[in-house]
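Order of appearance sets the numbers: ligands from 1, and atoms from 1 within every ligand. Only heavy atoms go into these numbers, but all of them, side chains included; no hydrogens, no water, no symmetry mates.
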Amino acid sequence: MNLIKLDATASTNTYLKQMLSETQLVDETVLWTERQINGRGQQGAKWDSQPGLSLTFSLFRRFSSFPARHPFYLNLAISLGVKYALEELGVSQVSIKWPNDILSYSKKLCGILVENQIEKDRLASSVIGIGLNVNETDLNDLPHATSMRLSAGLVFKREEVIQVVATTVFQKIRQLNRDSLDQMKQDYQNSLFRKGVVSTFSNRDGKIFSGIIQGVTEEGLLSVLDESDEMKSYQPKQIRLRY
Ligand SMILES: O=C(O)CCCC[C@@H]1SC[C@@H]2NC(=O)N[C@@H]21
């Protein structure tokens, strides 16, 4: 692993993508910044972090071949990698809120933003942005957020956290090319937040409805059994799981 640390940058994902176009980026590079000025979240949201307490970093992975059929498998490996790393570091009750938020005791601990580069119809490389709440004790009144420290009651060395998370995520991605895919799919389904219980959702128009998460399809869509016993599958932009 090739670890680079910057004092400040707009976004580690944007920085790596720029490096990718300008230089020959080394595979498995990790870029960490203490101060992320314009952190980007999923679906155009902002990502705020607390310098000195949180971790904001991006992993770069190049693919010479990618036998796994669907890009969703990559998300699955990344989410599981982060989950296993956090468990190894002593965080309990870790679950994955589809598609790839990582929760502990039902509160968000980590957000992931994957940006893929596709060339000639195949996945060429990925920039995997990870925003992790590590040692925060005050999360600015965000009721659905937590940190590793709040969850585990321990103070963490961020250098160690980044090593364990990056190593485990790279390892899980490598395993996609082996026979572990079926096991990983099963582990991902078993790790899903609010699977099998009645939950409240909203759709793109803000309409609220209830349903039960059944799992995630091969293409990465969320399967929900609705109130009229009908099974529907949704893309991330089409549905939001409310707490
Ligand atoms: O909305 C989310 O949950 C995803 C948040 C991803 C944030 C991380 S922080 C490091 C990397 N750089 C960015 O600009 N975003 C990601």
Side-chain angles (χ1 to χ4, degrees), residues 1 3-21 25 28-61 71-72 74-83 85-86 94-104 106-117 125-136 139-140 142-148 151 158-159 161-166 168-170 191-193 202 220 222 235-243:
M1 183 197 313
L3 180 65
I4 307 170
K5 187 167 181 200
L6 302 174
D7 287 340
T9 190
S11 150
T12 52
N13 265 36
T14 309
Y15 193 96
L16 272 189
K17 288 203 296 183
Q18 257 156 14
M19 274 179 89
L20 180 62
S21 62
L25 245 185
E28 304 205 347
T29 290
V30 180
L31 180 81
W32 170 19
T33 191
E34 189 60 82
R35 199 172 291 271
Q36 188 168 248
I37 291 135
N38 195 14
R40 297 187 286 112
Q42 284 165 31
Q43 298 179 31
K46 271 179 58 172
W47 182 263
D48 289 325
S49 46
Q50 300 184 21
L53 298 174
S54 37
L55 274 176
T56 46
F57 60 104
S58 300
L59 316 180
F60 173 71
R61 185 72 172 86
F72 173 66
L74 178 63
N75 278 30
L76 182 148
I78 296 165
S79 304
L80 278 180
V82 175
K83 176 178 186 274
L86 294 174
V94 184
S95 60
I96 301 171
K97 186 174 170 215
W98 173 86
N100 48 15
D101 283 350
I102 310 297
L103 315 185
S104 168
S106 307
K107 291 186 169 189
K108 183 162 170 174
L109 188 65
C110 174
I112 302 171
L113 179 68
V114 183
E115 297 185 292
N116 292 329
Q117 284 72 48
S125 63
S126 286
V127 170
I128 302 154
I130 298 181
L132 179 60
N133 298 333
V134 183
N135 285 326
E136 294 91 333
L139 285 156
N140 303 327
L142 288 171
H144 300 303
T146 191
S147 68
M148 294 174 68
S151 173
R158 291 179 307 149
E159 290 74 10
V161 173
I162 202 168
Q163 282 286 344
V164 175
V165 172
T168 318
V169 170
F170 284 136
S191 306
L192 273 182
F193 177 58
S202 58
L222 188 71
Q235 289 181 355
K237 281 185 189 143
Q238 297 175 314
I239 189 170
R240 217 180 110 188
L241 170 59
R242 301 164 71 93
Y243 281 85

### Cationic N near anionic O, under 4.0 Å, E159 to K5
no
Need the list: ligand 1 N/O atoms against protein N/O atoms, distance under 3.5 Å, rounded to one decimal.
from	atom 1	to	atom 2	distance (Å)
ligand 1	1 (O)	Q42	N	2.7
ligand 1	3 (O)	K108	NZ	2.7
ligand 1	12 (N)	T12	OG1	3.2
ligand 1	12 (N)	Q36	OE1	2.9
ligand 1	14 (O)	S11	OG	2.7
ligand 1	14 (O)	R40	N	2.7
ligand 1	15 (N)	R40	O	2.7

### Query
Under the 3.5 angstrom rule, does the side chain of S95 hit a backbone N or O of F193 as a donor-acceptor pair?
no
### Task
Evaluate the criterion side-chain contact (heavy atoms from CB on, under 4.5 Å) for residue pair V169 and V82; output intermediate values, then yes/no.
CA-CA 6 Å; V169 170; V82 175; 3.8 Å; yes
### Query
Can you check side-chain contact (heavy atoms from CB on, under 4.5 Å) on L80 and I96, steps first, answer last?
CA-CA 8 Å; L80 278 180; I96 301 171; 4.0 Å; yes
### Query
Between the main-chain N or O of Q117 and the side-chain N or O of S125, is there a donor-acceptor pair closer than 3.5 Å?
no
### Task
Any chance you could lay out the side-chain contact (heavy atoms from CB on, under 4.5 Å) test for L142 and E136, step after step, and finish with the verdict?
CA-CA 12 Å; L142 288 171; E136 294 91 333; over 6 Å; no
